[in-house]
There are 2 protein chains.
Amino acid sequence: MKNPIEHLNKVFDSRIRLGIMSALMINAEVNFNELKELIEVTDGNLATHLKTLEENNYIKVQKGFVGRKTNTTYSVTKAGEKAFKLHLEALEKMIKSIS
Amino acid sequence: MKNPIEHLNKVFDSRIRLGIMSALMINAEVNFNELKELIEVTDGNLATHLKTLEENNYIKVQKGFVGRKTNTTYSVTKAGEKAFKLHLEALEKMIKSIS
DNA sequence: TTTTATTGCTTTGTGTTACAAAGTGCTTTT
DNA sequence: AAAAGCACTTTGTAACACAAAGCAATAAAA
């Protein structure tokens, strides 16, 4: 038997960061409030997790406007895509070995 | 877009508990030291996570002997199997929606 | 028979993380 | 002028992770 968790990425252990990454993999760009409603977190909490992902170089931030309102969108980086895909592969293998 | 993480089980957010459950789903019974080597945790840490799973009624404990040495084995309960499968299904759906 | 090892914990201590709530600065709408 | 929205930051608290050490019971080794 092999260690079933050795290839999992610790950054993605957090359900909220998992949710953020998942949303950003499906939609190329998602803004702050969309994420907030989707994941159902407080804005402070969301900002913290976004920062963690940013510090790990997994997502990047674009600050812009929609009409005259500020609008911050987030998207995955190449590194983030790679790391997340590896994580999902590790999860898939784990799941397959069970069922 | 739907919340990608709403059906994930918080008990299984922890990589170690995920590993324990995974090991117990594959092997009907696993003992303390096997788990310890497999997951690569200290015994104190392992005991704590096992206790959490036990308190959630997801695993059960059998105390016995191998030869003349004490031997504690762990196995999943019906509830544990159900909860874990639901968690894996939620993960799979998340993965599929991405790739 | 004294010592050492093994098993499966519990306890202790420390550091990290999660999170809500409140506060902030800037802009925009009313 | 006041209220609201956006995207945070700060603060405080509680939960969690983890290693290391301690411990009780038995067993094996010297």
Side-chain angles (χ1 to χ4, degrees), chain A residues 3-6 8-24 27 29-56 58-76 87, chain B residues 3-6 8-24 27 29-56 58-76 87:
Chain A
N3 186 343
I5 59 167
E6 64 177 336
L8 297 179
N9 188 326
K10 281 189 185 169
V11 176
F12 306 133
D13 277 1
S14 151
R15 63 201 290 103
I16 293 178
R17 291 197 290 272
L18 196 68
I20 293 170
M21 287 302 290
S22 167
L24 296 186
N27 302 71
E29 282 195 1
V30 185
N31 73 32
F32 190 88
N33 282 318
E34 285 165 352
L35 280 175
K36 190 179 146 188
E37 279 169 37
L38 181 69
I39 318 282
E40 293 169 43
V41 269
T42 54
D43 49 3
N45 196 7
L46 176 58
T48 308
H49 285 295
L50 286 168
K51 203 175 158 190
T52 300
L53 289 170
E54 211 191 331
E55 282 165 359
N56 277 277
Y58 289 166
I59 65 171
K60 57 178 185 283
V61 183
Q62 298 91 29
K63 278 162 195 292
F65 290 88
V66 167
R68 331 185 82 192
K69 280 188 191 170
T70 59
N71 185 59
T72 307
T73 62
Y74 302 87
S75 53
V76 294
H87 182 77
Chain B
N3 186 342
I5 59 168
E6 63 177 338
L8 296 178
N9 188 326
K10 281 189 185 172
V11 176
F12 306 133
D13 277 0
S14 151
R15 61 202 291 102
I16 294 177
R17 292 197 290 274
L18 196 67
I20 293 170
M21 287 302 290
S22 168
L24 296 186
N27 302 69
E29 281 196 1
V30 184
N31 72 32
F32 190 87
N33 282 319
E34 286 165 352
L35 279 175
K36 190 179 145 187
E37 279 168 38
L38 181 69
I39 318 280
E40 293 167 44
V41 269
T42 53
D43 48 3
N45 197 5
L46 177 58
T48 308
H49 285 294
L50 285 169
K51 204 174 158 194
T52 300
L53 289 171
E54 212 191 330
E55 283 166 358
N56 277 278
Y58 289 166
I59 65 171
K60 56 177 187 280
V61 183
Q62 298 91 31
K63 280 161 194 290
F65 291 88
V66 168
R68 330 183 85 190
K69 282 187 189 171
T70 58
N71 185 59
T72 307
T73 61
Y74 302 87
S75 54
V76 294
H87 183 75

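Values reported hereafter were calculated over all heavy atoms of this structure, with side chains retained and with hydrogens, waters and symmetry mates removed. Chain letters run A, B, ... following the sequence lines, proteins first, then strands; residues in each count from 1. Note that the structure is a prediction, hence the values are computed from the model and not measured.
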Distance, rounded to the nearest Å, where [X] contributes [atom1] and [N] contributes [atom2]:
X	N	atom1	atom2	value
Ile20(B)	dG8(C)	CD1	P	14 Å
Leu53(A)	dA18(C)	CG	P	10 Å
Leu50(B)	dC9(C)	CG	C1'	10 Å
Ile5(A)	dA17(D)	CD1	C1'	13 Å
Lys69(A)	dC8(D)	NZ	P	16 Å
Arg68(A)	dT27(C)	CZ	P	12 Å
Leu46(A)	dT10(D)	CG	P	17 Å
Ile59(B)	dC9(C)	CD1	C1'	14 Å

For [X], answer base if it contacts any base atom (sugar-phosphate contacts may also be present), sugar-phosphate if it contacts only those atoms, and nothing otherwise; contact means non-hydrogen atoms under 4.0 Å.
X	result
Tyr74(A)	sugar-phosphate
Thr48(B)	nothing
Thr72(A)	sugar-phosphate
Asn31(B)	nothing

side-chain N/O [X] vs [N] OP1/OP2, d < 4.0 Å:
X	N	value
Asn45(A)	dA18(C)	no
Arg15(A)	dA18(C)	no
Lys63(A)	dC8(D)	yes
His49(B)	dC16(D)	no

Which is more 5' along DNA chain D, the nucleotide nearest Lys10(A) or the one nearest Thr70(A)? Just name the residue.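 In this pair, the answer is Thr70(A).
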Whether the Tyr58(B) and Asn9(B) side chains hold a donor-acceptor pair (N or O, under 3.5 Å, no angle test) is what I'd like checked.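 Judged by distance alone, the side chains do pair up.
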Could you check whether Gln62(A) and Thr72(A), counting side-chain N and O atoms only, form a donor-acceptor pair closer than 3.5 Å? no
Show the nearest heavy-atom pair for residues Ser22(A) and Pro4(B), with the distance to one decimal. OG-CB, 3.5 Å
When Ile16(A) and Asp43(B) are each assigned the nearest nucleotide of DNA chain C, the 5'-most assignment goes to Asp43(B)
Between the base of dC6(D) and the side chain of Asn33(A), is there a donor and acceptor pair under 3.5 angstrom?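 Between dC6(D) and Asn33(A), which were checked side chain against base, a qualifying N/O pair under 3.5 Å is absent.
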Please lay out, stage by stage, how Val30(A) and Thr73(A) fare under the test side chain to side chain contact (heavy atoms under 4.5 Å, CB included). CA-CA 5 Å; Val30(A) 185; Thr73(A) 62; over 6 Å; no
Glu34(A) versus Leu38(A): any side-chain heavy-atom pair under 4.5 Å?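 SC-SC contact between Glu34(A) and Leu38(A) ruled out.
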Checking contacts here: which listed nucleotide (dG8(C), dC8(D), dA7(D)) is nearest the side-chain heavy atoms of Asn71(A)? dA7(D)
